[in-house]
There are 2 protein chains.
Amino acid sequence: MQNKVGIAPVGGENLLFLTDDQLRRGIEAMFFAYRAFTADPDLILADMDYGRAHHRALHFIHRDPGLTVTALLDVLGVTKQSLNRVLRALIEDGLVESRVGHRDRRERQLFLTEKGGALERRLSETQRARMRSAYRAAGPQAVSGFRQVLEAMMDRDTLRQFKSLKDLPDPS
Amino acid sequence: MQNKVGIAPVGGENLLFLTDDQLRRGIEAMFFAYRAFTADPDLILADMDYGRAHHRALHFIHRDPGLTVTALLDVLGVTKQSLNRVLRALIEDGLVESRVGHRDRRERQLFLTEKGGALERRLSETQRARMRSAYRAAGPQAVSGFRQVLEAMMDRDTLRQFKSLKDLPDPS
DNA sequence: CTTATTACGTCAGACTTGTTGACTTTCCAA
DNA sequence: TTGGAAAGTCAACAAGTCTGACGTAATAAG
């Protein structure tokens, strides 16, 4: 079951890093890094009545203004009932605006209000700062590897979703 | 606020990758990759009455058999009330054994039973398989960068915790 | 020896985030 | 005009987290 040898059975390269122990270290690094990664926004959100779910909604509405509820549902991978509660709170508090779709009027298109944009910036800036610092410390080559491994970890559908995310049209 | 230029103000290197847009892509990659990363164990756990919290407990008991409840609390970063519920279920179901500490009899030392070890292996093997495949696809240099960036993202205490984790004495 | 502290366990109550299932409303399209 | 898709709503529940309070046992400190 376990690979005690530390050399992959096939493949000509030096694959010492594929020992179970090295893989376990990678798994643990993901666990610890993700916790650190979410720590800063969580601190801000804890003061308000919001949680991580609200942050995620704000993030994806910011990066693709006017997206429909279904599209948001898709990218977040939760049920509409779950998202609805979050969205309702954000709309009631005036952070998100829900407009009737102009092509298909059944659809709702979501936009951040000025207030919503302000909170999104405040949240994402802490996360960007951490990421920027990590990128700077590790260097360009490491960043490239970081991105390569993360993408290779995604399943087909997730990767497709990730790749299809458009660039920000207007970095406000 | 936003860095539209795309070149870091200081630093002689090519720091194009530090634009806000590149940082946002990194943030999203973390989000999607972490979701994929936990998907396989979650599927297995869903069948039983267990969740991600049980998996984490099994993982750290496996990697450091005999650790005390306080030590586990520390590494997981949750409250004892939260952990207690998880631990009680695992002990009642015969996956974890809690022995009175031989040095300090107030302490409880935690061990996996054979049954617990079997589940831990089943869970971690799916995660290792994904990580192995990602590592193989990305190559050794990318793996090195991946690890560097993840470590650079951790805060001091988390990094200290991560570094202090011992290697597995007996990869059973 | 008495007292304080530590480690652990437990009970109660709350919140966030997720789930299913059932139902209504709206509205496009055949 | 009617069927079906998109969206929203309500109810009930579960996992996992939290805080606060309390009890017990064992060690450490005085």
Side-chain angles (χ1 to χ4, degrees), chain A residues 31 34-35 38-39 41-61 66-93 96-110 123, chain B residues 31 34-35 38-39 41-61 66-93 96-111:
Chain A
F31 169 66
Y34 195 77
R35 199 170 60 183
T38 56
D42 283 358
L43 265 181
I44 296 172
L45 291 157
D47 284 341
M48 323 177 172
D49 268 357
Y50 299 135
R52 214 174 280 178
H54 301 84
H55 181 193
R56 291 197 285 258
L58 291 175
H59 175 97
F60 285 108
I61 295 172
L67 90 172
T68 64
V69 172
T70 302
L72 184 53
L73 235 37
D74 234 52
V75 71
L76 291 177
V78 297
T79 59
K80 66 178 174 180
Q81 292 90 335
S82 189
L83 175 60
N84 199 257
R85 195 175 14 192
V86 167
L87 229 40
R88 195 176 358 173
L90 292 173
I91 291 169
E92 276 174 9
D93 296 350
V96 167
E97 195 188 347
S98 168
R99 298 186 207 149
V100 170
H102 65 286
R103 273 188 15 165
D104 185 335
R105 295 179 53 198
R106 289 169 300 183
E107 295 180 343
R108 298 290 179 275
Q109 293 191 284
L110 303 170
L123 291 170
Chain B
F31 169 66
Y34 194 78
R35 200 171 59 182
T38 56
D42 283 358
L43 265 180
I44 296 172
L45 291 157
D47 284 341
M48 322 178 174
D49 269 356
Y50 299 135
R52 215 174 279 179
H54 300 84
H55 181 192
R56 290 197 286 258
L58 291 175
H59 175 97
F60 285 108
I61 296 172
L67 90 172
T68 65
V69 173
T70 303
L72 184 54
L73 236 36
D74 234 51
V75 70
L76 292 177
V78 297
T79 59
K80 67 176 174 178
Q81 293 90 333
S82 189
L83 175 60
N84 199 256
R85 194 174 19 179
V86 167
L87 228 40
R88 193 176 3 176
L90 292 174
I91 291 169
E92 276 174 8
D93 295 350
V96 167
E97 195 188 347
S98 168
R99 300 184 206 148
V100 170
H102 66 286
R103 275 186 17 161
D104 186 334
R105 294 180 53 197
R106 288 171 302 183
E107 296 180 341
R108 298 288 180 275
Q109 294 190 284
L110 303 170
F111 301 87

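Since we're looking at a predicted model, the values are computed, not measured. Residue numbering restarts at 1 for every chain, and letters A, B, ... go by the order of the sequence lines. These numbers come from the heavy atoms of this one structure, side chains and all, not from hydrogens, waters or symmetry mates.
Evaluation of atom-type donor-acceptor distances gives no pair under 3.5 Å for the side chain of B:Gln81 against the base of C:dG9.
Taking the nucleotide of DNA chain C with the nearest heavy atom to each of A:Asp49 and A:Asp104, the more 5' of the two is matched to A:Asp49. Comparing A:Thr79 and A:Val100 against DNA chain C, the residue whose closest nucleotide sits nearer the 5' end is A:Thr79.
The ring-ring contact (aromatic ring centres under 6.0 Å, His included) test applied to A:His59 returns no partner, not counting sequence neighbours.
D:dA6 atom P lies 16 Å from atom CG of A:Leu83, rounded to whole Å. A straight line from CZ of A:Arg108 to C1' of C:dT25 spans 10 Å, rounded to a whole angstrom. Atom P of nucleotide D:dA15 and atom CG of B:Asp42 are separated by 14 Å, given to the nearest angstrom. Counting to the nearest Å, the P atom of C:dT16 and the NE2 atom of A:His55 are 17 Å from each other. Across the protein-nucleic acid pair, A:Leu87 atom CG and C:dG18 atom C1' stand 16 Å apart, rounded to whole Å. Residue B:Asn84 contributes atom CG, which lies 9 Å from atom P of C:dC11 at whole-angstrom precision. The interatomic distance linking A:Asp47 (CG) with D:dC18 (P) rounds to 17 Å, in whole Å. Rounded to a whole Å, the CZ atom of B:Arg35 is 14 Å from the C1' atom of C:dG18.
Proximity note for A:Glu107 (side chain, C-beta onward) versus C:dG9, C:dT17, D:dA6: the nearest is D:dA6. Comparing C:dT17, C:dA7, D:dC18 by their nearest atom to the side chain of B:Val78 picks out D:dC18.
Here A:Arg85 lies in heavy-atom contact (under 4.0 Å) with a base.
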Considering only nitrogen or oxygen atoms on both sides, find all protein atoms under 3.5 Å from nucleotides 23-25 of chain D and state each distance.
none

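The phosphate of D:dG16 has OP1 or OP2 within less than 4.0 Å of a side-chain N or O from B:His54.
For the atom pair B:Arg52 CZ and B:Asp42 CG, the distance stands at 4.0 Å (nearest 0.5 Å). Here NE2 of A:His54 is found 9.0 Å from CG of A:Leu87. Values are rounded to the nearest 0.5 Å.
A cation-pi arrangement, defined by a distance under 6.0 Å to the six-membered ring centre and an angle within 45 degrees of its axis, is present between B:Arg99 and B:Phe111.
Between B:Tyr34 and A:Tyr34, the angle of the ring planes stays under 30°, which puts this pair in the parallel group of the 30/60° scheme.
The side-chain heavy atoms of B:Val69 and B:Asn84, taken from C-beta on, include no pair separated by under 4.5 Å.
Proximity of a side-chain donor or acceptor of A:Arg35 to a complementary backbone N or O of B:Leu76 within less than 3.5 Å is detected.
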